[in-house]
Amino acid sequence: MKRFCTSGPMDKNTCYYIERPELMKEALNHIENWRYFTVSAPRKTGKTTFLNDIVEKTKDKYLPIFISFESYFSKDQNQFIKTNFESPSKFN
């Protein structure tokens, strides 16, 4: 039985989720044509789940990389640069 989820990203197998086929088609078209686009909507409306769907649909053809700057929301520009360029890399 599906339920209403209040936090995400959500599992579409266990939570109610409304597919947005026209919006998905438009987003995939932008990607195919090397066009930028933004996903803007209020909190808790499925933006991350939508972007995760895009990753799943494009991962065989592209190398999608998901980057979040949410943890830097309270930092100013100098703190952001210092954190990213003076911290040891996780990839070394």
Side-chain angles (χ1 to χ4, degrees):
M1 178 175 191
K2 290 193 177 191
R3 59 189 171 91
F4 290 97
C5 297
T6 58
S7 63
M10 57 183 274
D11 178 2
K12 294 189 295 184
N13 296 320
T14 59
C15 301
Y16 289 108
Y17 178 73
I18 298 172
E19 298 286 340
R20 306 279 308 267
E22 291 300 317
L23 190 59
M24 180 61 72
K25 182 179 175 183
E26 184 179 350
L28 295 173
N29 186 44
H30 277 38
I31 292 168
E32 286 292 320
N33 291 295
W34 296 89
R35 305 284 303 180
Y36 293 104
F37 64 95
T38 60
V39 177
S40 178
R43 292 177 45 82
K44 307 288 185 192
T45 56
K47 296 178 298 291
T48 302
T49 302
F50 181 77
L51 291 171
N52 285 338
D53 283 350
I54 290 174
V55 168
E56 284 301 310
K57 291 179 186 313
T58 60
K59 69 181 181 182
D60 292 336
K61 186 172 183 179
Y62 301 102
L63 176 62
I65 299 172
F66 195 91
I67 301 171
S68 174
F69 293 99
E70 189 172 3
S71 64
Y72 294 102
F73 182 73
S74 63
K75 294 185 178 187
D76 65 26
Q77 181 179 4
N78 290 330
Q79 290 172 314
F80 175 80
I81 291 170
K82 184 176 182 178
T83 300
N84 286 293
F85 293 106
E86 293 181 6
S87 297
S89 174
K90 291 190 263 184
F91 304 107
N92 288 342

Linking I/L/V/M/F/W/Y whenever their side-chain heavy atoms sit closer than 4.5 Å, directly or via other members, would M1 and I18 fall into one cluster? no
Please round to the nearest 0.5 Å and tell me the distance separating atom CZ of R20 and atom CG of D53. 12.0 Å
Just say parallel, tilted or perpendicular for the rings of F4 and Y16, cut-offs at 30° and 60°. tilted
Any link between Y17 and L23 through a network of hydrophobic side chains (Ile, Leu, Val, Met, Phe, Trp, Tyr) touching at under 4.5 Å? yes
Are any side-chain N or O atoms of D11 and backbone N or O atoms of N13, one a donor and one an acceptor, separated by less than 3.5 Å? yes
Consider only side-chain heavy atoms of I, L, V, M, F, W and Y, link residues closer than 4.5 Å, and tell whether L28 and F50 are in one cluster. yes
I'd like to know if W34 and M24 are part of one continuous hydrophobic network [Ile/Leu/Val/Met/Phe/Trp/Tyr, side-chain heavy atoms within less than 4.5 Å]. yes
Taking every non-hydrogen atom, the tightest pair across E19 and K12: OE2-NZ, 3.4 Å
Where at least one partner belongs to residues 1-32, residue pairs that pass disulfide bond (SG atoms under 2.5 Å apart), sequence neighbours excluded: C5-C15
Would you say I31 and F37 make side-chain contact, with heavy atoms under 4.5 Å? yes
Spell out, as yes or no, whether a donor-acceptor pair under 3.5 Å connects the side chain of K47 to the backbone of V39. no
Sequence neighbours excluded, the answer for side chain to side chain donor-acceptor pair (under 3.5 Å) partners of E26 is none
Measure the CE-CZ distance between M10 and R3 for me, rounded to the nearest 0.5 Å. 9.0 Å
Do the side chains of N52 and T49 get nearer than 4.5 Å, heavy atoms only? no
